[in-house]
Every structure is written in structure tokens, then in C-alpha cells.
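Naming: A, B, ... by sequence-line order, numbering from 1 per chain.
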There are 2 protein chains.
Amino acid sequence: MTSEFEFSMNEYLPLRDVVFDTLRKAILKGELKPGERLMELSLANRLGVSRTPIREAIRKLELEGLVIMIPRKGAQVAKITEKDLNDVLEVRRGLEELAIKMACERITHEQLVQLKLASRTFEKSMVKNDITALAQADVDFHDIIYAATANNRLNQILNNLREQMFRYRIEYLKDEKTRTQLVSEHDAICKALEAHDYKKAHDAVCLHIDNQQHAIMLSIQTEQ
Amino acid sequence: MTSEFEFSMNEYLPLRDVVFDTLRKAILKGELKPGERLMELSLANRLGVSRTPIREAIRKLELEGLVIMIPRKGAQVAKITEKDLNDVLEVRRGLEELAIKMACERITHEQLVQLKLASRTFEKSMVKNDITALAQADVDFHDIIYAATANNRLNQILNNLREQMFRYRIEYLKDEKTRTQLVSEHDAICKALEAHDYKKAHDAVCLHIDNQQHAIMLSIQTEQ
DNA sequence: TATAATTATATTGTATACAAAGTACAAAGG
DNA sequence: CCTTTGTACTTTGTATACAATATAATTATA
């Protein structure tokens with residue numbers, strides 16, 4: 001068995017991937033603001049690497065749509081218009097409906113246990129008033145549902161769409177009223193999935209998404 | 001007005017983008033086969049560029065899922081398993097349902113005219129027995145529907161999913177029976193959209209997708 | 001002969017070099 | 001005072017160089 005080496009082998013990450021993750025998170029967290037220029041040399045100096053891994057990371061961010069490239073001018077963090085966000089939310093709604101339908105058919109007993117656990121963790125973070133933990137708990141909850149679809153592609157797309165909204169999701173989680181509502185919505189989804197009741201699960205998810213969409217669009221509009 | 005210069009400015013494409021498009025098409029057409037290694041130096045020599053643009057193109061193909069990277073081992077064309085293809089088809093079905101719903105509400109008169117034209121072009125290519133033209137006509141037909149959703153993100157994702165299936169779509173278009181069926185399915189979609197009849201449009205698209213899915217899965221299974 | 005160790009070769013990962021284009025700013029001209 | 005043009009400086013695009021690792025070939029050994 002070579003398992004003791006496999007770990008260290010998987011441990012290895014090319015610098016380009018480290019840079020990619022770093023820049024990605026920075027954009028999603030809002031540390032790199034929309035419209036901000038990404039200059040290769042200054043990023044390279046800041047992260048202590050050469051331009052090569054920076055450029056390769058930017059290529060991936062470009063394809064993901066987080067970065068806009070203008071040839072010979074450089075890269076900048078993509079600006080998200082209200083229309084863009086709405087487009088994402090529309091697609092997300094459709095895919096969440098698909099996901100809950102599939103999850104309803106395919107969810108395992110173990111996944112149901114995990115889901116209830118995640119729901120409880122979410123509740124705890126709410127009491128503690130820890131926004132970061134709350135956001136993570138919300139992600140975890142939905143990740144379990146996505147995983148229950150047993151469809152890798154759906155997983156990948158939904159995760160991506162969610163991340164595209166990350167900057168705005170934090171905002172709406174700050175609202176007290178929204179949060180208590182979220183807990184009951186999660187509970188409703190849990191119960192419907194447990195009963196494999198597609199109709200109820202579908203309605204619960206739609207309500208959940210609609211509320212989120214509404215809250216996010218509201219927070220965007222007041223922001224400006 | 002500077003329009004006469006704008007053209008030549010947009011004409012400029014970095015080599016990385018040229019390489020990206022070239023490799024992408026080669027993979028989708030099947031010229032680069034699943035599992036085939038992509039060696040930087042040999043590709044660079046073949047395309048007459050240095051390794052840099054090749055590497056940057058590979059980063060994008062990697063994010064798109066067309067290429068699998070194994071650190072320090074290199075890139076290879078992604079193998080698509082039956083499960084992978086099925087996952088794509090499931091998601092595509094969900095999004096096509098969403099798309100036809102949105103298109104039904106939002107399609108403009110001009111787009112309807114284009115759609116009928118595309119449908120007729122498809123029919124013509126069928127008579128001529130020109131498979132490549134047929135595939136393109138099919139793409140054009142669906143592109144108009146996607147555009148009618150007025151949702152860029154949905155457009156982007158659906159286009160991507162469609163391209164992921166490109167290698168297999170050609171196969172099923174070779175079947176005579178499938179093709180005549182496709183024409184009538186396109187017609188049904190056209191008519192339903194024209195009447196803004198969501199129910200009919202939805203059913204027509206579902207049938208269309210299901211038939212495609214069935215044909216593709218069949219052609220995969222017999223292939224092996 | 002089969003297997004292990006060793007060397008050579010090929011390939012990727014990262015850094016750097018140089019060319020081309022873009023940007024900013026100051027001097028010249030109206 | 002504004003515009004233009006020239007020049008120095010940034011920044012990106014591409015090629016190359018060197019280092020680290022993986023693959024292959026070869027030799028040595030059981």
C-alpha cells in the first residue's frame with residue numbers, strides 16, 4: 001500500500017491552483033471589487049510568485065465569468081448588473097426545482113440524517129449571531145441536497161451559481177427577520193424530503209428561493 | 001465615427017484564444033479522442049506557437065471540463081462515461097423546460113420569423129443529406145429559442161451543455177428515421193411558441209429532448 | 001529470466017526575458 | 001488655454017530558460 005504517499009501527492013497543488021482559489025475567494029468575498037483591475041505583476045509580487053501562475057489562474061477566472069479580459073489592456077473583476085443577478089437567480093430557481101425533485105427520489109437515509117444535522121447547525125449559528133458560520137451552514141445544508149441528486153453536473157452548476165451570488169447572500173443574511181424565516185424553511189424542506197413528498201418539497205424550495213431572490217434584489221436596490 | 005477602425009481592433013485575438021478555439025473544436029469533433037494526452041510541446045510545434053498560449057488554453061479547457069489535468073503528469077481529453085452523459089442530459093432537460101417557458105413569454109415577432117426560417121433550413125439540409133449542415137441548422141434552431149429567453153446565463157449554460165454532447169449528437173443525426181422525426185418536432189415547437197401556448201410548447205420540447213436522449217444513449221450503448 | 005536499481009529522457013511547473021501595445025505626462029504648437 | 005505630439009514608463013503577450021518530477025530505457029542483480 002502506498003497510501004502514505006498518496007496523501008502527500010494529493011497534497012501537492014500547482015501554484016496556479018493556489019492562486020486561482022485565492023483570487024476567486026477574494027472576488028467572491030468582495031475583497032477585490034467589481035471593476036478593479038488585476039495587474040499581473042502586482043498580484044505576482046503580492047502573492048510571491050511569478051506572472052505565469054497568475055496568468056493561468058486569470059484564464060480560469062475568465063472562463064468562469066468572474067473576470068473580464070480586454071486584450072492588451074488586462075483583466076478586471078467582472079461587474080454584476082442587476083440584470084445579471086436576476087438571470088442567475090432565474091436559472092438557479094429552475095435548477096433548484098430540478099434538484100429537489102431528484103433529491104426527493106434519490107436521497108438516502110444517511111443523507112437525511114446529515115440534512116437534519118445541518119439544519120440544526122444552522123439554527124445554532126443563528127442563535128450565536130455568527131454570520132460567517134451561518135453562511136457556511138446554509139451552504140452545507142444545500143450541498144447535502146445537491147449531493148442527494150446523485151448528478152455531478154447538476155452539483156457543479158448549482159455550486160457555481162451559488163458562488164456567483166456570494167457577495168449578495170451575506171447581505172441578506174444580516175437581516176434578523178430573514179434568518180428566523182430561513183430556519184423554518186429548512187425544516188419544511190427536511191420534512192418533505194424525509195416523506196419523499198415531491199409536491200411539498202417542491203413548494204418549500206420554491207418559497208425558499210423566492211424569499212431569497214426577493215431579499216437579495218431588495219438589498220441590491222437599496223444599496224445603490 | 002471611427003467604425004472603420006473598430007473592426008480591425010476587434011480583429012485582434014490573442015494566440016491563447018485561437019489555440020483555445022482550435023483545441024476545443026478538435027475535442028468536440030472527436031479529432032482529439034477521449035483519453036488522448038495533450039502534450040504542450042508537441043501541440044506548440046503543431047500549431048506553431050510557444051508553450052505559453054497552449055498552457056493558457058488548456059487552463060480554460062480544464063475549467064470547462066473538456067480536459068482533465070493531473071498535476072505534473074499533464075492534460076488529457078476528458079473521458080465521458082455513460083453516467084456523465086446521462087447527468088448532462090438530465091440537467092439539459094430541466095433547463096430546456098425552463099427555457100421554453102421563458103421563451104414562450106418573451107419571444108418577439110422577429111425571433112419567431114427567424115425560428116421558422118431556421119426550421120425550414122433544417123428541412124432543406126435533411127433533403128440534401130448534408131449531416132454537417134444539419135447539425136448546424138439544429139444548433140441554430142435551438143439558439144434562437146435560447147436567445148428568446150433573454151437570459152444570458154441560461155444561454156451560456158445551455159450552449160455549454162449542448163457542446164458537451166456534440167460528439168454524440170452527430171451520431172444520432174445519421175439515422176434517417178430520427179431526422180424526419182426531428183423536423184416534425186421542430187414544427188410543433190414553432191407552432192406552440194407562435195401561439196404562446198406554454199403547455200403545448202413544454203410538451204413538444206420534452207418529447208424532443210426525450211427522443212434525443214433516447215437516441216443518444218442507444219448510440220452510446222451499441223458503440224461499446 | 002525476472003526484478004530491482006540506476007541512469008537517461010521527456011514533460012511539466014515556474015521564472016524570466018524580450019517584444020508589442022497601451023498609458024500618462026510634459027513640451028510644443030496653435 | 002486647449003490640443004497635439006513625442007517620450008518615458010507600464011503592462012500585457014509570447015517565447016525561452018531552468019528546475020522538478022515523471023516516464024522510459026538500461027544495467028545490474030538475484
Side-chain angles (χ1 to χ4, degrees), chain A residues 1-24 26-27 32-33 35-63 66-78, chain B residues 1-2 4-24 26-27 32-33 35-64 66-78:
Chain A
M1 253 288 262
T2 56
S3 66
E4 67 211 275
F5 296 113
E6 268 172 34
F7 180 69
S8 66
M9 280 188 56
N10 295 349
E11 191 78 336
Y12 170 83
L13 258 187
L15 286 181
R16 58 171 183 264
D17 291 333
V18 177
V19 173
F20 174 65
D21 291 339
T22 306
L23 294 181
R24 194 164 188 283
I27 293 172
L32 289 171
K33 299 208 165 44
E36 189 170 340
R37 281 188 72 183
L38 297 178
M39 276 176 306
E40 296 168 5
L41 208 60
S42 86
L43 286 175
N45 291 333
R46 195 124 58 97
L47 300 179
V49 298
S50 80
R51 281 175 60 209
T52 308
I54 301 282
R55 286 177 63 83
E56 297 192 3
I58 288 178
R59 293 293 88 77
K60 298 219 273 185
L61 293 168
E62 180 191 354
L63 197 82
L66 290 177
V67 154
I68 300 295
M69 277 300 304
I70 302 166
R72 298 220 178 256
K73 274 200 67 179
Q76 56 180 86
V77 179
Chain B
M1 256 288 261
T2 56
E4 68 211 272
F5 296 111
E6 269 170 33
F7 180 68
S8 65
M9 282 189 55
N10 296 349
E11 192 76 340
Y12 170 81
L13 257 189
L15 287 181
R16 56 167 183 268
D17 291 333
V18 177
V19 172
F20 174 65
D21 291 338
T22 306
L23 293 181
R24 194 164 188 284
I27 293 173
L32 289 170
K33 298 206 165 46
E36 189 169 341
R37 281 188 72 183
L38 297 178
M39 275 176 305
E40 297 168 4
L41 207 60
S42 86
L43 287 175
N45 292 333
R46 195 122 59 97
L47 301 179
V49 299
S50 79
R51 281 175 60 208
T52 308
I54 301 282
R55 286 178 63 84
E56 297 192 4
I58 288 178
R59 293 292 88 76
K60 297 217 275 184
L61 293 168
E62 180 191 354
L63 197 82
E64 210 178 357
L66 290 177
V67 155
I68 299 294
M69 277 300 304
I70 302 166
R72 300 224 177 254
K73 274 201 65 179
Q76 58 181 93
V77 179

On DNA chain C, check which nucleotide each of G48(A) and G74(B) is closest to and give me the residue with the more 5' one.
G74(B)

I want to check something: taking the side chain as every heavy atom from C-beta on, are V49(A) and V18(A) in contact at a cut-off of under 4.5 Å?
no

Side-chain heavy-atom pair K60(B), D17(B) within 4.5 angstrom cut-off:
yes

Just call it for R55(A): base, sugar-phosphate, or nothing, with non-hydrogen atoms closer than 4.0 Å on any strand.
base

Is the shortest side-chain N/O distance from S50(A) to OP1 or OP2 of dA15(C) below 4.0 Å?
yes

At under 4.0 Å between heavy atoms, what does L38(B) touch on the DNA or RNA strands: base, sugar-phosphate, or nothing?
sugar-phosphate

Specify the separation, in whole Å, of atom CD1 of I54(B) and atom P of dT11(C).
14 Å

For R24(A) and A57(A), indicate whether the former's side chain and the latter's backbone hold a donor-acceptor pair under 3.5 Å.
no

Distance check needed: dT16(C) C1' versus L41(A) CG, whole Å only.
11 Å

Between dT23(C) (P) and R72(A) (CZ): distance, integer Å
12 Å

According to a strict under-4.0 Å criterion, is K73(A) in side-chain N/O contact with OP1 or OP2 of dT23(C)?
yes

Round to the nearest Å and state the distance from Y12(A) atom OH to dT12(C) atom P.
12 Å

Can you tell which of R46(B), R55(B), R59(B) makes a salt bridge (charged side-chain N to carboxylate O under 4.0 Å, His left out) with E40(B)?
R55(B)

Check whether any side-chain nitrogen or oxygen of R16(A) sits under 4.0 Å from OP1 or OP2 of dG13(C), and answer yes or no.
yes

I need the CG-P distance between L13(A) and dT12(C), as an integer number of Å.
18 Å

R37(B) atom CZ is separated from dA10(C) atom P, nearest whole Å, by 13 Å

Find the distance Q76(A):CD to dG22(C):C1' and express it as a whole number of Å.
15 Å

How about V19(B) and L43(B): do any of their side-chain heavy atoms sit closer than 4.5 Å?
no

Whole angstrom value for the distance that separates P of dG13(C) from CE of M39(B)
13 Å

R51(A) near the nucleic acid: base, sugar-phosphate alone, or nothing, with a heavy-atom cut-off under 4.0 Å?
base

